[in-house]
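To start, the structure itself, in structure tokens.
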Amino acid sequence: MNMVYAMVGAVFMVAMVVFAFLKGDRAERIGAGAYLLAWFASILVQRESNDILVLPLGVFLIDLAVLIVFAALAWRSRRSWPVWASGIQLLTVVSHVLIIIDLRIPTTSLYTVMNLNGYLIIACLIVGTFWAW
């Protein structure tokens, strides 16, 4: 069942990137490209582990890099979607930090927040691309 969710997410991601590259301006293309690269990179650095308390440092660094890209887009662009995407990505980075500092929060809830944030960022990119189109 998890494979079905992963495939739906992958199709949604690829469709968003194609839409952004075909109809978006420079900011949307940069954002979509950065997010797609981060998605592929995070798949490469994730490791299979039964211990949900282990956070791969590579995924944290990738999410931090995406935050920097979105913040730079928000700084340089006149569009509003990079500000929203930066805020959502900041929540993902903060979730990583909460796991790192070992607060007594259920780790699965933080992973849920991180996964849902991915869909929200895709929605921001879709709205931004639609308005640029």
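Values below: all heavy atoms of this structure, side chains included; hydrogens, waters and symmetry mates excluded. We count residues from 1, following the sequence as given.
- Under a 4.0 Å N-O distance rule, the pair Lys23/Glu28 does not qualify as a salt bridge.
- Phe21 and Phe12 fall within the same hydrophobic cluster, defined by Ile, Leu, Val, Met, Phe, Trp and Tyr side-chain heavy atoms under 4.5 Å apart, directly or through other members.
- At a threshold of 4.5 Å between non-hydrogen side-chain atoms, the residues Trp81 and Ile126 do not count as touching.
- The heavy-atom pair separating Ile62 from Val45 by the smallest distance is CD1-CG2, 3.8 Å.
- The nearest pair of heavy atoms linking Asp25 to Ala132 is OD2-CB, 3.7 Å.
- One distance of note links OG1 of Thr129 with CD1 of Ile122; it measures 11.5 Å at 0.5 Å rounding.
- The closest side-chain heavy-atom distance from Trp39 to Met13 is below 4.5 Å.
- Sorted by first then second residue, the side chain to side chain donor-acceptor pair (under 3.5 Å) pairs that include residues 9-22, not counting sequence neighbours, number zero.
- Taking NE2 from His96 and CG from Leu91, the interatomic distance works out to 11.5 Å, rounded to the nearest 0.5 Å.
- For Ala74, the side-chain contact (heavy atoms from CB on, under 4.5 Å) criterion is met by Pro82, Val83, Ser86, not counting sequence neighbours.
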Give the intermediate values and the outcome of side-chain contact (heavy atoms from CB on, under 4.5 Å) for residues Tyr35 and Val17. CA-CA 9 Å; Tyr35 201 73; Val17 168; over 6 Å; no
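- With hydrophobic clusters built from ILVMFWY side chains whose heavy atoms lie under 4.5 angstrom apart, Leu64 shares a cluster with Leu98.
- Here Arg79 contributes atom CZ and Arg26 contributes atom CZ; the two are 12.0 Å apart, rounded to the nearest 0.5 Å.
- Residues Leu116 and Val59 do not share a hydrophobic cluster, defined by chaining ILVMFWY side chains whose heavy atoms lie under 4.5 Å apart.
- Phe19 and Val14 fall into different hydrophobic clusters, where Ile, Leu, Val, Met, Phe, Trp and Tyr side chains are chained together by heavy-atom contacts under 4.5 Å.
- Minimum interatomic distance between Ala34 and Val69 (heavy atoms only, all atoms of both residues): CB-CG1, 3.7 Å.
- Between atom CD1 of residue Ile88 and atom CZ of residue Phe70 there is a gap of 9.0 Å, rounded to the nearest 0.5 Å.
- Residues Val66 and Ala38 come closest through the heavy atom pair CG2-CB, 3.2 Å.
- Between Trp84 and Cys124, the shortest heavy-atom contact is CB-SG, 3.7 Å.
- Under the 4.5 Å side-chain heavy-atom criterion for ILVMFWY residues, a single connected hydrophobic cluster contains both Val94 and Ile100.
- Within the structure, side chain to side chain donor-acceptor pair (under 3.5 Å) pairs that include any residue of residues 113-123 comprise Thr92-Asn117 (at least two apart or interchain).
- Between Leu125 atom CG and Arg29 atom CZ the span is 13.5 Å, to the nearest 0.5 Å.
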